[in-house]
A.B. asks: 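So that we are looking at the same thing, I have put the structure below in structure tokens.
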Amino acid sequence: MSVQKPSLPKGTRDFGPLQMARRNFILDTIKDTFKLFGFQQLETPAMENLSTLTGKYGDEGDQLLFKILNSGDFLKNVSKGDLDAGAQSILPKVSEKGLRYDLTVPFARYVVMNRNEISFPFKRFQVQPVWRADRPQRGRYREFYQCDADVVGTDSLLCELEIILMIKRVFSKLGIKDYHIKINNRKILTGLSEVIGEAGREGELCVAIDKLDKIGWEKVQEELAQRNFSPYAIEKLSPIVNLMTGNEGRLDFLKKYLAASETGLNGIAELEELFSMLQTYGEDQEHVDFDVVLARGLSYYTGAIFEAKVNHVSIGSVSGGGRYDNLTGVFGLEGVSGVGFSFGVDRLYDVLEELGLFPEENPENTKVLLTYFDTKGFGYGLKVLNELRSAGIAAELYPDQTKIKKQLTYADKKQIPFVIILGDNEIEAGNVSVKELSSGQQETLSLEELVKKWK
RNA sequence: GUGGUUGUAGCUCAGCAGGUUAGAGCGCUGGUUUGUGGCACCAGAGGUCGCCGGUUCGAAUCCGGUCUUCCACCCCA
């Protein structure tokens with residue numbers, strides 16, 4: 001057997017110690033926030049039955065699913081005819097499981113399967129990797145973590161309010177100051193398409209209009225025309241594009257603009273109530289922007305839609321979500337309304353790195369390294385090690401008997417701030433010499449004094 | 001899925017009008033300094049030049065394929 005070069009599958013990556021410390025900083029902040037708001041943690045398997053996954057994400061989504069080959073003789077059900085018919089007819093016979101594509105569908109599956117045990121409204125959060133057979137690029141991987149929080153079983157707009165509050169809290173804890181939370185309502189989009197005389201085409205409308213920031217109104221007009229939107233509709237849309245600033249101003253304008261659409265007015269009313277609740281809660285509208293053209297995964301959202309973006313960074317949105325009135329319907333449980341959102345940890349990581357917001361110190365690092373010269377020192381070191389750890393101080397003993405120089409270099413490389421040197425003098429006197437590597441200062445004191453100092 | 005881009009030492013990269021033994025910086029190992037790291041100086045180890053094939057007397061260098069990296073579009077976290 002020849003030696004092979006180690007490699008990683010496309011779109012995946014390792015997380016080294018530094019990255020893990022930083023990721024945990026982000027994940028802990030998010031989890032703490034979810035818990036603070038009363039969400040409980042759920043985990044589901046990495047793999048789901050393919051029947052659970054397919055058909056939930058549209059045709060494109062189905063193609064991006066990672067499928068798992070059946071074990072054993074996976075060809076046993078495949079006939080000559082299937083081979084001729086191509087991949088489409090072979091697939092269901094060779095694969096019956098797939099890797100989860102997001103956390104929302106497995107959650108819906110869980111809710112339906114456990115509907116008798118769950119007391120509604122049910123608030124859960126889930127932090128797990130998901131897999132997509134996408135083509136990787138910046139901020140986009142084939143394996144990445146999602147942090148979902150969802151509430152099912154209530155129509156209350158309190159859920160929407162809390163999503164805004166949680167995003168605000170997480171960003172604030174992470175030190176992100178310059179960002180905005182875009183918010184819209186699917187009903188407003190529906191109203192929009194009704195008012196411009198293209199009822200039912202809000203999906204197409206949004207795909208085009210969503211690009212406004214990127215390509216400008218001119219190009220959007222072209223695309224709309226290409227999609228066979230009437231000149232009247234396009235003309236009617238133009239005031240939306242240059243909508244005045246301020247959430248109230250936009251709402252007032254749309255109230256008149258959407259007067260002919262009951263659904264549209266409903267959406268406006270929901271947003272107004274949301275803003276009013278925000279005020280009563282004692283939070284201002286800073287960072288919260290009503291964005292009429294915000295679209296997002298229209299396949300299942302039915303009410304509010306959210307998206308959070310950090311300003312002046314090269315990464316896309318880092319959080320998104322919305323209300324879906326009937327997610328569990330496909331699994332046979334009707335009438336369970338849900339609302340949820342998700343943080344993209346990987347993208348948040350890139351954002352914090354780009355903004356230089358990670359804490360300098362690694363809080364997970366060892367505090368002190370014990371160094372020694374000979375077997376006597378090693379034995380003494382073991383005792384000191386035990387004492388330090390018992391006092392809750394992260395300590396390690398250098399495993400090999402070698403030159404002090406090498407041991408110090410190890411501490412230096414690992415960015416361990418303190419070193420204890422254990423030689424004959426210290427052993428005899430029963431104390432320790434502690435050296436702070438950054439300053440080079442060294443002092444000799446008893447173990448009790450040291451523990452007290454670091455408490 | 002479409003278009004482009006990248007691959008040389010552990011890392012970042014140079015070398016590429018085809019021509020003896022493939023280089024640098026950083027890192028690594030050892031020494032100057034056998035109870036004290038960072039700095040300096042000295043020495044050393046480490047590469048089938050992504051993989052397969054072709055052109056050629058001769059390929060890291062040219063050509064084809066393949067994999068990989070990154071980017072734009074699509075879509076999305």
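In what follows, chains carry the letters A, B, and so on, assigned in the order in which the sequence lines appear, proteins first and then strands, with residues in each chain numbered from 1. Quantities reported herein were computed from a predicted structural model and do not represent experimental measurements. Side chains included, hydrogens not; waters and symmetry mates left out as well; all remaining heavy atoms used.
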A.B. asks: For A/Y410, answer base if it contacts any base atom (sugar-phosphate contacts may also be present), sugar-phosphate if it contacts only those atoms, and nothing otherwise; contact means non-hydrogen atoms under 4.0 Å.
C.D. replies: nothing
A.B. asks: Under 3.5 Å, is there a donor-acceptor pair between the A/E396 and A/T366 side chains?
C.D. replies: yes
A.B. asks: With C1' as the reference atom in both, quote the distance from B/G18 to B/C57 in angstrom, rounded to an integer.
C.D. replies: 12 Å
A.B. asks: Which part of the nucleic acid, if any, lies within contact of A/S438, taking any heavy atom under 4.0 Å across all strands shown: a base, the sugar-phosphate backbone alone, or nothing?
C.D. replies: base
A.B. asks: Which whole number of Å gives the distance between the C1' atom of B/C49 and that of B/A22?
C.D. replies: 8 Å
A.B. asks: Dot-bracket for RNA chain B, please, read 5' to 3', with Watson-Crick or G-U wobble pairs under 3.5 Å on both distances, ( ) within the strand, [ ] crossing, | other strand, . unpaired.
C.D. replies: ((((..(..((((.....[...)))).(((((.......))))).....(((((..]....))))))..))))....
A.B. asks: I'd like the C1' distance from B/C13 over to B/C52, given in whole Å.
C.D. replies: 26 Å
A.B. asks: Of the nucleotides B/G38, B/C75, B/G35, which one has an atom closest to the side chain of A/D424?
C.D. replies: B/G35
A.B. asks: Which atoms form the tightest heavy-atom contact between A/A304 and A/N185, and what is the distance?
C.D. replies: N-ND2, 3.7 Å
A.B. asks: So what does A/Q137 touch, heavy atoms closer than 4.0 Å: a base, only the sugar-phosphate, or nothing?
C.D. replies: base
A.B. asks: Looking at B/G27, B/G35, B/G38, which one has an atom nearest to any side-chain atom of A/K413?
C.D. replies: B/G27
A.B. asks: Considering all heavy atoms of both residues, which atom of A/E353 and which atom of A/F358 are nearest to each other, and what is their separation?
C.D. replies: N-CE1, 3.6 Å
A.B. asks: At 4.0 Å (heavy atoms only), tell me whether A/E426 reaches a base, stays on the sugar-phosphate, or touches nothing.
C.D. replies: base
A.B. asks: What is the distance from atom CZ of A/R347 to atom CZ of A/F144, rounded to the nearest 0.5 Å?
C.D. replies: 8.0 Å
A.B. asks: Measure from the side-chain heavy atoms of A/K10 and tell me the nearest of B/U69, B/U36, B/A77.
C.D. replies: B/U69
A.B. asks: Is A/G321 touching bases, backbone alone, or none of the nucleic acid, heavy atoms closer than 4.0 Å?
C.D. replies: nothing
A.B. asks: Any non-hydrogen side-chain atom of A/L205 less than 4.5 Å from a side-chain atom of A/L224?
C.D. replies: yes
A.B. asks: Rounded to whole angstroms, how far apart are CD on A/E60 and P on B/C74?
C.D. replies: 11 Å
A.B. asks: Taking the same atom, P, in B/U68 and in B/U55, what whole-Å distance lies between them?
C.D. replies: 28 Å
A.B. asks: Tell me: CG of A/D134 to C1' of B/C74, nearest whole Å?
C.D. replies: 9 Å
A.B. asks: Send over the distance from A/Q442 CD to B/G37 P, rounded to a whole Å.
C.D. replies: 11 Å
A.B. asks: Quantified in whole Å, what is the C1' atom distance between nucleotide B/A72 and nucleotide B/C16?
C.D. replies: 28 Å
A.B. asks: When we call it a touch if two heavy atoms are under 4.0 Å apart, what does A/G61 touch: a base, just sugar-phosphate, or nothing?
C.D. replies: nothing
A.B. asks: Taking N and O atoms by type only, does the side chain of A/N425 place a donor or acceptor under 3.5 Å from a partner on the base of B/G35?
C.D. replies: yes
A.B. asks: If you count heavy atoms of other groups shown closer than 6.0 angstrom to CD of A/Q40, is the number above 12?
C.D. replies: no
A.B. asks: Output yes when at least one side-chain N/O atom of A/K403 is less than 4.0 Å from OP1 or OP2 of B/G31, else no.
C.D. replies: yes
A.B. asks: Could you tell me the separation between the CD atom of A/E307 and the P atom of B/C75, rounded to a whole number of Å?
C.D. replies: 13 Å
A.B. asks: With A/D346 as reference, evaluate A/R138, A/R140, A/R23 under the salt bridge (charged side-chain N to carboxylate O under 4.0 Å, His left out) test and give the passing residue.
C.D. replies: A/R23
A.B. asks: Between B/C71, B/A77, B/G30, which nucleotide gets closest to the side-chain atoms of A/F144?
C.D. replies: B/A77
A.B. asks: For A/R138 and B/C76, what is the distance between atoms CZ and P respectively, to the nearest whole Å?
C.D. replies: 20 Å
A.B. asks: When you measure only distances, ignoring hydrogens and angles, does the side chain of A/R135 come within 3.5 Å of the base of B/G3 through a donor and an acceptor?
C.D. replies: yes
A.B. asks: Indicate the atoms forming the closest heavy-atom contact of A/F125 with A/K31, along with that distance.
C.D. replies: CE1-CG, 3.9 Å
A.B. asks: Between A/Y101 and A/F373, which residue's closest nucleotide on RNA chain B lies nearer the 5′ terminus?
C.D. replies: A/F373
A.B. asks: Rounded to whole Å, please give me the gap between CZ in A/F418 and C1' in B/G37.
C.D. replies: 15 Å
A.B. asks: Expressed in whole Å, how much space separates the C1' atoms belonging to B/G15 and B/G47?
C.D. replies: 14 Å
A.B. asks: What is the nucleic acid contact for A/S317, judged by heavy atoms within less than 4.0 Å: base, sugar-phosphate only, or nothing?
C.D. replies: sugar-phosphate
A.B. asks: Closest approach to the side chain of A/K435, judged atom by atom: which nucleotide of B/U36, B/A72, B/U69 is it?
C.D. replies: B/U36
A.B. asks: Less than 4.5 Å apart, any side-chain heavy atom of A/V318 and any of A/D350?
C.D. replies: no
A.B. asks: In this structure, how many angstroms lie between the C1' atom of B/U2 and the CD atom of A/Q63, rounded?
C.D. replies: 14 Å
A.B. asks: When you compare B/G46 with B/G30, how far apart are their P atoms, in angstrom units rounded to a whole number?
C.D. replies: 16 Å
A.B. asks: Would you classify A/T409 as touching base, sugar-phosphate or nothing, given that sugar-phosphate means primed atoms plus P, OP1 and OP2, and contacts are heavy atoms under 4.0 Å?
C.D. replies: sugar-phosphate
A.B. asks: Given the structure, check if the side chain of A/R132 and the base of B/C75 hold any donor-acceptor pair shorter than 3.5 Å.
C.D. replies: no
A.B. asks: Let me know the distance between OH of A/Y141 and P of B/U69, rounded to the nearest Å.
C.D. replies: 12 Å
A.B. asks: Could you work out the separation of B/C70 and B/U32 based on their C1' atoms and round it to a whole Å?
C.D. replies: 45 Å
A.B. asks: With nearest nucleotide decided by heavy atoms, which residue, A/G423 or A/R347, maps closer to the 5′ end of RNA chain B?
C.D. replies: A/G423
A.B. asks: Choosing from B/G35, B/C74, B/G37, which nucleotide comes nearest the side chain of A/R140?
C.D. replies: B/C74
A.B. asks: What distance do A/Q146 atom CD and A/Y101 atom OH have between them, rounded to the nearest 0.5 Å?
C.D. replies: 9.5 Å
A.B. asks: So what does A/D412 touch, heavy atoms closer than 4.0 Å: a base, only the sugar-phosphate, or nothing?
C.D. replies: base
